[in-house]
Amino acid sequence: MEERAAPRERFDRREILVSGSAASGVLLLAGGGFALAAEAGEQLIPWADQPPPVPPPAQGVVKTLTPWESLDSWITPNDKFFGVGHYEWPAINAATWRLNVVGQVGAPLGYALNDLKARPRQEVTFTLECSGNNGLPFLTSAIGNAKWAGASLADILEAAKIKGGAKEVVFFGADRGDEVLRPGTPLELKFTENFARSMSIDDAMNPANILCYEMNGEPLPAARGAPVRLIAPGWFGIANVKWLRRIEVLETRFMGSFMAHEYVTVREESRDGETVVEQTSVGRGLLKSAPARVTRTGSGYRVDGMAWGPTPITAVEVKIDGGAWTKATLAEADNSPFAWRFWHLDWAATPGEHSITSRAIDAAGNVQPAMDDPRIANKKTYWESNGQITRQIRIV
Ligand SMILES: Nc1nc2c(c(=O)[nH]1)N[C@H]1C(S)=C(S)[C@@H](COP(=O)(O)O)O[C@H]1N2
Ligand SMILES: [Mo]
């Protein structure tokens, strides 16, 4: 876990961003809501329920997490972006790197980095969240919002001429590791596999998808998947394959470890009075919000947070202790359908221990589920955890 920045440092950072490069200034203004930007004299009150450190077995996978309290700008700076990777992070020479598009295509293609950069540039501001976020005690704040730029995936698939009858597009990363099926049995099978995820042809052809080489105006950092990663706006982190190496079109369903074994949600459902188990591959992002931080300015308190999901957020409500749900103030809407929305609530806090819960509501009236909602309570795995988050705070 990174150390929490002191309020003074955060204030300085904002000054630099606003008065610094024009590009950064535009990013900040485009967000519409710098609700979390530190004000002079503002004091951050850390949550009393800090997450435990990432345990050693998971440290190889969860590499960086910036605490919620420090995720205080609408665009998450590259140095604060969380990092998840399942195998050793590969070192790739961008000068010799090539991306091949092969399989069930009429015109197999190969691109060097400069070939991709020569194509029309497409940008998207997208909040990337690990589907394990808030599913495990130590895995919180595995989320960040960035402006990604790259080449349109749909244009490239179009140029490759996908054959009739093809079913899926598989995105292979350069990172690889050992997997085992039926461990400890006579039928045990060990093999080495590249990280890979697939999408239906329809999902892959979504015009929002990009082969991304730039993040927040800088070349895509090595840890974020350089030289090129898939950015699939609206999908959980897992779909956004880093260190892309090969795109392969298949005429069957792809059942790699990260589609079929890992990142599978197991949920009990009731069907005609019978309890059945459904296993589904982790998919699109879900309606969710989080209280991110509490600050005091003079004698006033304020709760800041964010809300995100597949549909526009129309309201966020906050519950303090056992009280009524109260509407938070949403930051000005921007034109980024895939980005989180900031919100805040002024709070006349009294000394003592308090709990703070938030819930997001979308235009269709969907409400982020409570933790005891059957959708959440009957979920056996920690992925896709969009239940309401409750935080604890001590006011002195
Ligand atoms: N090649 C590759 N891509 C990957 C992964 C990986 O292990 N290997 N992890 C995925 C997961 S689970 C998440 S949450 C995001 C994290 O992206 P970030 O490290 O850039 O924040 O990358 C996804 N893409
Ligand atoms: Mo993830």
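Both ligands and their constituent atoms are indexed starting at 1 by order of listing.
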> Mind checking whether Glu129 has an N or O less than 3.5 Å away from an N or O of ligand 1?
Replying inline: no
>> Can you confirm whether the side chains of Ser355 and Gln392 place a donor and an acceptor under 3.5 Å from each other?
In response: no
> For Thr140 and Pro51, which heavy atoms make the closest approach, and how far apart are they?
Replying inline: OG1-CG, 3.7 Å
> Hey, is Arg394 close enough to Asp49 for a salt bridge, meaning N to O under 4.0 Å?
Replying inline: no
> What residue and atom, counting heavy atoms only, is the protein's closest point to atom 3 (N) of ligand 1, and at what distance?
Replying inline: Lys242 N, 2.8 Å
> Would one find an N or O of Phe82, backbone or side chain, under 3.5 Å from an N or O of ligand 1?
Replying inline: yes
> In terms of residue, atom name and distance, what is the protein heavy atom nearest to atom 2 (C) of ligand 1?
Replying inline: Phe195 CD2, 3.2 Å
> Do any heavy atoms of Lys63 fall under 4.0 Å from ligand 1?
Replying inline: no
>> Do Tyr301 and His354 pair up side chain to side chain, a donor and an acceptor below 3.5 Å, judged on atom types alone?
In response: no
>> Please verify the inter-ring angle class for Phe81 with Trp148; under 30° counts as parallel, over 60° as perpendicular, anything in between as tilted.
In response: perpendicular
> What is the nearest protein non-hydrogen atom to atom 1 (N) of ligand 1, stated with its residue, atom name and distance?
Replying inline: Asp175 OD1, 2.8 Å
> Is a side-chain donor-acceptor pair under 3.5 Å present for Lys379 with Ser385?
Replying inline: yes
> In ligand 1, which numbered atoms sit nearer than 4.0 Å to a non-hydrogen atom of Ile238?
Replying inline: 10 (C), 11 (C), 12 (S), 13 (C)
>> If only side-chain N and O atoms count, and only distance matters, is there a donor-acceptor pair under 3.5 Å linking Asp202 with Ser200?
In response: no
>> Among all protein heavy atoms in this structure, tell me which lies nearest to atom 15 (C) of ligand 1, with the distance rounded to 0.1 Å.
In response: Gly237 O, 3.6 Å
> Which of the atoms of ligand 1 are close to Trp243, meaning less than 4.0 Å from one of its heavy atoms?
Replying inline: 1 (N), 2 (C), 8 (N)
>> Under 4.0 Å from a heavy atom of Tyr263: which atoms of ligand 1 are those, numbered in the order shown and with their elements?
In response: 12 (S)
>> Suppose we screen for side-chain contact (heavy atoms from CB on, under 4.5 Å). Which residues come up paired with Lys63, at least two apart in sequence or across chains?
In response: Trp89
> If you count the atoms of ligand 1 from 1 in the order shown, which ones are under 4.0 Å from a heavy atom of Leu128?
Replying inline: 17 (O), 21 (O)
>> Only heavy atoms of Asn240, strictly under 4.0 Å: list the atoms of ligand 1 that pass.
In response: 22 (O), 23 (C), 24 (N)
>> Arg224 versus ligand 1: do any nitrogen or oxygen atoms come within less than 3.5 Å of each other?
In response: yes
> Which ligand 1 atoms, with their elements, are less than 4.0 angstrom from a heavy-atom of Phe81?
Replying inline: 21 (O)
>> Distance alone, cut at 3.5 Å: any donor-acceptor contact between the side chains of Gln388 and Arg359?
In response: no
> Can you tell me the protein heavy atom closest to atom 17 (O) of ligand 1 and the distance?
Replying inline: Arg229 NH2, 3.2 Å
> Based purely on interatomic distance, does Cys130 place a nitrogen or oxygen under 3.5 Å from a nitrogen or oxygen of ligand 1?
Replying inline: no
> Knowing that exactly one of Leu71, Asn216, Thr127, Leu128 qualifies, which makes a side chain to side chain contact (heavy atoms under 4.5 Å, CB included) with Asn145?
Replying inline: Thr127
